[in-house]
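So that the names make sense, note that chain A is the first sequence line, chain B the second, and so on, each numbered from 1.
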Amino acid sequence: MEGNMNITLKVWRQKNKNVKGSLETHEVSGISEDMSFLEMFDVLNERLIDENKEPIAFDHDCREGICGMCSMYINGRPHGPLEGVTTCQLHMRSFKDGDTIVVEPWRAAAFPVVKDLVVDRSSFDRIIASGGFISVNTGNAQDGNSLPIPKEDADKAFAAAACIGCGACVSACKNASAMLFVSAKVSQLALLPQGQPEREDRAKKMVAQMDIEGFGSCTNTGACAAECPKEISLENIARLNREFLSASLTTAEA
Amino acid sequence: MSLTGLFLCTFLVVHLIGNLQLFYNDGGYSFNKYAVFMTSFPLIKIISYGNYFFILFHAFWGLYLEFQNRKARPVAYVVTKNSSSFSSRNMAVLGTILLVYIVVHMGDFWYKYHNETLPFVQYTENLLTGEVVTTEMPETYSQETKMVETYNQAESTKTVIVKDLYKVVSVSFQNILLVIFYVLAMFSVSFHLVHGFQSAFQSLGINHPKYNPLFKFLSVWLFAILIPIGYAAMPIYFYFFK
């Protein structure tokens, strides 16, 4: 797939989390506008390998916008200039021939750089492990109609569950806060009957883990929801605040 | 932050309504009486000490959180395109300007009223017609309390001799630099509150399509426009018209 776009790419190169990184400039020629942003990186990496140079490390997996692995901060915005789109679903037609594109990793104390554009997002996993689950005893599934759920609640839970945990919210937030992520994970369970037994514990434990990981606090700037590729709503953050407040006020242990 | 913030928002409304008495064309009669009431009535005194505490708590807890939040991103982005509002990103800076302003403002009026020898002024109100005659007391005049009220049954007049804070305000706002500083501080109030007021509800978990438009409306029209203009009008009025 040859094309005629020429792009000046300024990419963040960093060996590991302990050393300082810097921007490195690459001229990438012969790019097709039908390529995805990641395919453009593939082309560049092939060339770097041919030239016996170190390819640029970046995260990617499904390349269809549902896994949450890709994580590039493109021209000052997570996942680039489009709304509701992950980096893998961003295509070169969103740029012009001759453009200079600056690509940086997510930047947060809780997301240390592993290499180049790859960051360690296992802090998200630890938050999920602290309470983002339900405990169900094994046995036959009960009849679906025995658990009536209002359509509106089901829709909201589903919208919250669309979060792919990519971390764009953290990267967009001036405080590197993980509130949108945590609120989506708390909401999808708080809205459904299956989530009720651990509801209060969940809110408290996930917030506590979020603080331990070193994410900043929420100042309601709204940058997270504006940049979220899955368009998770700020309503979820209000719900998390409600869940956390009521859990803190009503449960016995601190 | 949200609860103290909303308290301070309420304070701004009350403080503005009270101080609008500066615009009465009565030589400061109602304003000076109001100043005595606000500094002597026990319930108001309790609330005002609460208010000082909330201001300090809101300011210093806010600065601590800002400091913590900056630590959450140790390496800055080379390029950022913000998708959030100017106000929401600069709450700490705007708040710090306001803290400095509050210190200056309290030094200008609160400190002087409580600790310095202020001139006294005498008002004679005709209780039948409501007409008020203002007489400045000589500089040497002094009395034990902030305000002395005497009634003259025969002439149906009331005489009030009171500390003249109105005069202090009037003199202070002849200084153009102070007027400019006050007006600029009100821009800070405006930007701080256009985000702050509605943000407080989100922090308390109140985000509902039915009420959000109301919070937004109050944030913009009441707290970011009407209130700052009301306050800024005072120094401007005294500088140009007194």
Side-chain angles (χ1 to χ4, degrees), chain A residues 10 12 14 17 20-23 73-78 81 83 100-113 170-178 211 213-228 233-246, chain B residues 1-6 58 61-96 191-216 219:
Chain A
K10 293 189 168 179
W12 189 260
Q14 184 173 342
K17 67 175 178 183
K20 271 193 164 182
S22 61
L23 287 175
Y73 199 84
I74 303 159
N75 280 348
R77 294 183 67 183
E83 272 168 35
T100 298
I101 307 174
V102 180
V103 186
E104 298 173 69
W106 287 176
R107 296 192 191 278
F111 287 166
V113 171
V170 174
S171 78
C173 177
K174 83 171 192 44
N175 307 325
S177 169
D211 290 342
E213 298 293 346
F215 291 103
S217 50
C218 180
T219 54
N220 304 325
T221 67
C224 53
E227 298 293 2
C228 175
S233 157
L234 284 179
E235 262 182 64
N236 292 300
I237 294 187
R239 186 178 296 103
L240 171 60
N241 287 333
R242 276 201 299 280
E243 293 287 318
F244 181 76
L245 274 173
S246 72
Chain B
M1 294 304 287
S2 53
L3 290 174
T4 51
L6 287 178
H58 188 84
W61 183 243
L63 285 172
Y64 168 76
L65 287 176
E66 174 71 11
F67 179 69
Q68 289 292 314
N69 289 340
R70 288 191 180 199
K71 278 208 309 206
R73 174 163 298 134
V75 184
Y77 287 111
V78 179
V79 182
T80 29
K81 278 207 186 78
N82 291 305
S83 48
S84 52
S85 67
F86 167 84
S87 294
S88 71
R89 274 180 276 118
N90 294 289
M91 291 301 275
V93 176
L94 293 165
T96 306
F191 284 109
H192 196 74
L193 292 187
V194 75
H195 174 70
F197 181 73
Q198 49 188 326
S199 168
F201 292 96
Q202 169 82 359
S203 294
L204 293 170
I206 306 166
N207 177 330
H208 192 285
K210 222 180 238 176
Y211 307 108
N212 290 352
L214 174 69
F215 302 147
K216 198 161 185 106
S219 271

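- In this structure, chain B has heavy atoms under 4.5 Å from both the backbone and the side chain of Ser171(A).
- The side-chain hydrogen bond (donor to acceptor under 3.5 Å, both in side chains) search around Ser85(B) returns Ser88(B), not counting sequence neighbours.
- Among residues two or more places apart in sequence or in another chain, the side-chain hydrogen bond (donor to acceptor under 3.5 Å, both in side chains) test is passed with Asn212(B) by Asn207(B).
- Residue Phe197(B) qualifies as enclosed at atom CZ: its count of foreign heavy atoms under 6.0 Å is above 12.
- Proximity to chain A (any heavy atom under 4.5 Å) is restricted, for Glu66(B), to the side chain, taken from C-beta onward.
- Only the backbone of Cys173(A) comes within contact range of chain B, judged by heavy atoms closer than 4.5 Å.
- At a threshold of 4.5 Å between non-hydrogen side-chain atoms, the residues Thr80(B) and Tyr73(A) count as touching.
- For Glu104(A), the part lying under 4.5 angstrom from a heavy atom of chain B is the side chain only.
- Enclosure of atom CZ in Arg242(A) by more than 12 non-hydrogen atoms of other residues, nucleotides or ligands within 6.0 angstrom is indicated.
- Among Lys10(A), Glu227(A), Glu243(A), the residue making the largest number of heavy-atom pairs under 4.5 Å with chain B is Glu227(A).
- Between Asn220(A) and Ser203(B), the shortest heavy-atom distance links the atoms ND2-OG, 3.0 Å.
- Separation of atoms NE2 (His195(B)) and OG1 (Thr221(A)) is listed at 7.0 Å; rounding is to 0.5 Å.
- Checked by atom type and distance alone, the side chain of Asn69(B) never pairs as donor or acceptor with a backbone atom of Gly216(A) at under 3.5 Å.
- In this structure, Tyr77(B) and Pro105(A) approach most closely via the heavy-atom pair CE2-O, 3.5 Å.
- Atom CZ of Phe215(A) sits about 14.5 Å away from atom CD of Gln68(B), to the nearest 0.5 Å.
- Interface summary for chain B: among Val113(A), Thr219(A), Leu240(A), the most heavy-atom pairs under 4.5 angstrom belong to Thr219(A).
- With a 4.5 angstrom heavy-atom cutoff, Arg89(B) touches chain A via backbone and side-chain atoms both.
- Contact check for Leu234(A) versus Gln202(B): side-chain heavy atoms found under the 4.5 Å cut-off.
- For Arg107(A), the parts lying near chain B are the backbone and the side chain together; criterion is any non-hydrogen pair under 4.5 Å.
- Ranked by heavy-atom pairs shorter than 4.5 Å toward chain A, the options Ser87(B), Gly196(B), Pro74(B) are led by Pro74(B).
- Contacts between Leu245(A) and chain B at a heavy-atom distance below 4.5 Å involve the side chain alone, from C-beta outward.
- The choice from Cys224(A), Gly21(A), Gly222(A), Ser217(A) that makes the most heavy-atom pairs within less than 4.5 Å of chain B is Ser217(A).
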